[in-house]
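This report refers to the structure that appears directly beneath it.
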Amino acid sequence: AVMAALAEAPNAKSFSEGAVLLLQALASLPPVKRPAGWAEAKTRALAFAKDASVSDLLARLGARFGDADFFPRWRQVAQTKAAQADARNEALELLTLGHDPELAPLARKLLAVPALRGRCLTALRQAPGTETAQAVITVLPDLPLNLRNEAINLLATRPEMAKALLQAVEAKQVAASLVSPVLLDQFERFGDEQINALIGKNWS
């Protein structure tokens, strides 16, 4: 119904008002699938593309709904060093909500920027694996406590990531004290011989 109303908006102002209300509603909801009627609403918005507010709102809705046409814009914002941290974090959030297939390498790269690390860690939940583990481990010692806990919990989600963390402890890249007994118990449940050997060697 909302998409139909946007698709029939008589002017830019009407479209903007409806889009603002929709975005406000979406902000309080978990990610939603692209609704039926999005293509028609998008076409209508493009007719008002000269209006900067319409263009901006369309880009936000499009990214949230996983429309790949809008991902390049937000990737660019996220990577723009001169942009405000709030704008870059919003870009990462939109790419995460839309499940941008190119988000993982971008988020791994942007972990180097302290102001973006929280959003990057959230984004990387969608891309577990050894590459993500290595990127997270690299910044782990520099993270504040809340983000460090989030990062370690991310590393604990998959055996290959847990193994990378334990190998970093053995190599003295990460302090053994950062891995709690609860996590060690969780790691042992993976039933991986290499993981168990690393635990036995470094926490005996």
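Being a predicted model, the structure only gives us computed values, none of them experimental.
When every heavy atom of A123 is checked against every heavy atom of T96, the shortest pair comes out as CB-OG1, 3.4 Å. Closest heavy-atom contact between P10 and S14: CD-OG, 3.4 Å. Minimum interatomic distance between L154 and T157 (heavy atoms only, all atoms of both residues): O-OG1, 2.7 Å. In this structure, A41 and L6 approach most closely via the heavy-atom pair CB-CB, 3.9 Å. Between D192 and I195, the closest heavy-atom pair is OD1-N, 3.0 Å. K81 approaches R88 most closely through the heavy-atom pair CA-NH1, 3.7 Å.
Note that the OG atom of S55 and the NZ atom of K50 stand 13.0 Å from one another [nearest 0.5 Å]. Q126 contributes atom CD, which lies 10.5 Å from atom OG1 of T132 (distance to the nearest 0.5 angstrom). Residue L57 holds its CG atom at 6.5 Å from CG of L61, rounded to the nearest 0.5 Å. Atom CZ of R64 sits about 12.0 Å away from atom CG of L95, to the nearest 0.5 Å. D142 contributes atom CG, which lies 5.5 Å from atom CZ of R117 (distance to the nearest 0.5 angstrom). The distance from atom CD of Q76 to atom CG of L106, rounded to the nearest 0.5 Å, is 10.0 Å.
In this structure, L21 is not a member of the same hydrophobic cluster as V32, with clusters built from ILVMFWY side-chain heavy atoms closer than 4.5 Å. If you chain together hydrophobic residues whose side chains sit under 4.5 Å apart, L183 and V136 fall into the same group. Residues V139 and L147 fall within the same hydrophobic cluster, defined by Ile, Leu, Val, Met, Phe, Trp and Tyr side chains chained together at heavy-atom separations under 4.5 Å. Under the 4.5 Å side-chain contact rule for hydrophobic residues, L110 and I137 do not share a cluster. Side-chain heavy atoms closer than 4.5 Å link hydrophobic residues (I, L, V, M, F, W, Y) into clusters, and following such links, even through other members, never connects L97 to W38.
Evaluation of the ring pair (Phe, Tyr, Trp, His ring centres under 6.0 Å) rule for F48 yields no partner, not counting sequence neighbours. For P35, the side-chain contact (heavy atoms from CB on, under 4.5 Å) test picks out M3, F65, with sequence neighbours left out. Legend: residues meeting side-chain contact (heavy atoms from CB on, under 4.5 Å) with E17, ordered by chain and number and at least two apart, are K13. Residues satisfying the side-chain contact (heavy atoms from CB on, under 4.5 Å) test with A85, not counting sequence neighbours, are N89, A115.
In this structure the side chain of L94 never reaches within 4.5 angstrom of the side chain of D100, judged on heavy atoms. A heavy-atom distance below 4.5 Å is not found between the side chains of V179 and I152. Taking 4.5 Å as the limit, some side-chain heavy atom of L111 sits within range of a side-chain heavy atom of L124. For the pair E188/D185, a side-chain contact is recorded, criterion being any heavy-atom separation below 4.5 Å from C-beta on. With a 4.5 Å cut-off on side-chain heavy atoms, Q79 and K109 count as touching. With a 4.5 Å cut-off on side-chain heavy atoms, L165 and L140 count as touching.
Distance alone, capped at 3.5 Å, is enough to place a donor-acceptor pair between the N153 side chain and the N149 backbone. The main-chain N or O of L121 is never found under 3.5 Å from a side-chain atom of E150 such that the two would form a donor-acceptor pair. Put simply, the side chain of T122 gets close to the backbone of G118: a donor and an acceptor are under 3.5 Å apart. One N or O on the side chain of W74 and one on the backbone of A59 form a donor-acceptor pair closer than 3.5 Å. Within the 3.5 Å criterion, the main-chain N or O of A12 finds a donor-acceptor partner in the side chain of S16. Distance alone, capped at 3.5 Å, is enough to place a donor-acceptor pair between the R148 side chain and the L143 backbone. Panel note: side chain R34, backbone G66; a donor-acceptor pair is recorded below 3.5 Å.
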Show your reasoning for whether side-chain contact (heavy atoms from CB on, under 4.5 Å) applies to L103 and F71.
-> CA-CA 9 Å; L103 176 59; F71 291 154; over 6 Å; no
Starting from the C-alpha separation in whole Å, work towards a yes-or-no answer on side-chain contact (heavy atoms from CB on, under 4.5 Å) for R73 and D56.
-> CA-CA 10 Å; R73 168 179 176 158; D56 188 64; 2.8 Å; yes
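The side chain to side chain donor-acceptor pair (under 3.5 Å) with E90 is formed by just one residue from the set R60, R119, Q84; it is R60.
Identified under the ring-ring contact (aromatic ring centres under 6.0 Å, His included) test for residues 169-204, with sequence neighbours left out: none. Identified under the salt bridge (Lys or Arg N to Asp or Glu O under 4.0 Å) test for residues 195-204, with sequence neighbours left out: E170-K201.
Dense packing is recorded around CD of E160, with more than 12 heavy atoms of other residues, nucleotides or ligands lying under 6.0 Å away.
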